[in-house]
Amino acid sequence: MARMSVKPILLHPDPRLKKACAVIESVTPEIGKLAEDMLETMYDAPGVGLAAPQVGVLMRLFVMDCVKEEGAAPRPMVLINPEIVATSDEKNTYEEGCLSIPEHYAEVTRPKRVAMRWIGLDGKLQEEEFDDLWATCAQHELDHLNGKLFIDHLGTIKRSMITRKMVKFKREQARG
Ligand code: NI
């Protein structure tokens, strides 16, 4: 068993975060290793979700764990080729953030519940209905696989303000 490793997370703006990702044709051991590394990277950050393009892999896979109750058992989930099969008319607004846009948060309104279908690490088709934070997270991560960030749900002014600050942040980071 290969050791898990924390991967560097790409920061916005980055062209790789704007690309539609490719369907995964088969669940290989490499995909398994990628999923393990992504979970490790997500918990280390810490965050509740992470999509493959955020670690520079342009494939349709994301991980999430929205268990937040103190002392509750974690529920690491790996979703390969996820699709939305149904959404509720009822909406929900959450203050969202993203590991690729650190320290920026904004309210985004999305369907309160979504039914999703995906392939698990065992290669089997799975379906589940997500609610509240789980639903928001699943939709946010699925957006990543289509090259969309949460700031793309905001108005132009707010979005360009955050992008400008991120460009500056990355420049400063590069200088060290
Ligand atoms: Ni994100």
Side-chain angles (χ1 to χ4, degrees), residues 1-84 94-105 108 114 116-128 130-151 166 169-170 172-174 176:
M1 181 79 186
R3 285 191 53 181
M4 291 193 285
S5 54
V6 171
K7 291 179 170 294
I9 297 174
L10 300 183
L11 296 178
H12 169 71
D14 186 299
R16 288 166 289 181
L17 294 172
K18 303 299 288 175
K19 297 264 198 308
C21 297
V23 167
I24 293 173
E25 301 293 344
S26 65
V27 184
T28 59
E30 289 71 30
I31 294 292
K33 172 74 167 78
L34 171 67
E36 292 292 322
D37 288 348
M38 283 172 57
L39 281 167
E40 180 86 346
T41 304
M42 178 188 80
Y43 287 125
D44 178 73
V48 293
L50 185 70
Q54 293 182 274
V55 293
V57 178
L58 300 185
M59 294 199 287
R60 303 190 75 79
L61 181 159
F62 71 75
V63 297
M64 67 174 172
D65 182 351
C66 298
V67 172
K68 53 183 178 175
E69 298 79 19
E70 196 71 37
R75 191 188 176 209
M77 297 192 75
V78 177
L79 290 83
I80 297 166
N81 299 340
E83 283 173 60
I84 289 178
Y94 266 105
E95 185 160 76
E96 294 190 24
C98 181
L99 294 176
S100 294
I101 316 175
E103 289 170 44
H104 294 280
Y105 303 90
V108 178
V114 286
M116 259 192 205
R117 188 183 292 153
W118 69 93
I119 310 275
L121 274 182
D122 57 3
K124 291 187 181 136
L125 200 61
Q126 300 187 26
E127 194 172 318
E128 188 172 328
F130 298 113
D131 198 357
D132 293 318
L133 180 60
W134 285 89
T136 285
C137 183
Q139 291 171 84
H140 172 121
E141 300 310 327
L142 182 57
D143 272 355
H144 274 296
L145 307 185
N146 296 319
K148 194 168 180 182
L149 302 171
F150 82 91
I151 56 171
M166 282 301 301
F169 175 72
K170 286 180 78 173
E172 283 164 3
Q173 248 201 350

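The first residue in the sequence is number 1, and the count goes up from there.
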Do [X] and [Y] come close enough that some side-chain heavy atom pair is under 4.5 Å?
X: Val108; Y: Gln139; answer: no
X: Leu50; Y: Ile9; answer: yes
X: Met166; Y: Pro13; answer: yes
X: Met42; Y: Pro76; answer: no
X: Asp37; Y: Lys33; answer: yes

Give me the atom names and distance for the closest heavy-atom approach of [X] to [Y].
X: Pro53; Y: Arg16; value: CB-O, 4.0 Å
X: Gly32; Y: Leu121; value: CA-CD2, 3.9 Å
X: Leu99; Y: Pro102; value: O-CD, 3.7 Å
X: Leu17; Y: His12; value: CD1-N, 3.7 Å
X: Met38; Y: Ala52; value: CE-N, 3.3 Å
X: Leu11; Y: Phe169; value: CD1-CE2, 3.8 Å

Between [atom1] of [X] and [atom2] of [Y], what distance do you get to the nearest 0.5 Å?
X: Gln54; Y: Leu10; atom1: CD; atom2: CG; result: 8.0 Å
X: His140; Y: Leu149; atom1: NE2; atom2: CG; result: 7.5 Å
X: Lys18; Y: His144; atom1: NZ; atom2: NE2; result: 10.5 Å
X: Gln126; Y: Ile119; atom1: CD; atom2: CD1; result: 9.0 Å
X: Ile31; Y: Ile80; atom1: CD1; atom2: CD1; result: 6.5 Å
X: Leu39; Y: Met77; atom1: CG; atom2: CE; result: 10.5 Å

Using atom types as modelled and distance alone, determine if a side-chain donor or acceptor of [X] lies under 3.5 Å from a backbone N or O of [Y].
X: Lys7; Y: Thr41; result: no
X: Asp122; Y: Lys124; result: yes
X: Arg60; Y: Cys21; result: yes

ask   = Is it the case that more than 12 heavy atoms not belonging to Glu103 sit under 6.0 Å from its CD atom?
value = no

ask   = Among pairs that include at least one residue of residues 133-146, which meet salt bridge (Lys or Arg N to Asp or Glu O under 4.0 Å), considering only residues two or more places apart or in two chains?
value =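 As it turns out, the salt bridge (Lys or Arg N to Asp or Glu O under 4.0 Å) pairs with a partner in residues 133-146, which skip direct neighbours, are Arg110-Asp143.
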
Quick one: side chains of residues 61-70, donor-acceptor pairs under 3.5 Å with protein atoms, not counting sequence neighbours, listed by atom name and distance.
from: Asp65; atom 1: OD1; to: Val67; atom 2: N; distance (Å): 3.0
from: Asp65; atom 1: OD1; to: Arg75; atom 2: N; distance (Å): 3.3
from: Asp65; atom 1: OD2; to: Tyr43; atom 2: OH; distance (Å): 2.6
from: Asp65; atom 1: OD2; to: Arg75; atom 2: N; distance (Å): 2.9

key: Results of ring-ring contact (aromatic ring centres under 6.0 Å, His included) for Trp118 - residues two or more places apart only   =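 Scan of Trp118 (ring-ring contact (aromatic ring centres under 6.0 Å, His included), adjacent residues dropped) gives Phe130.
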
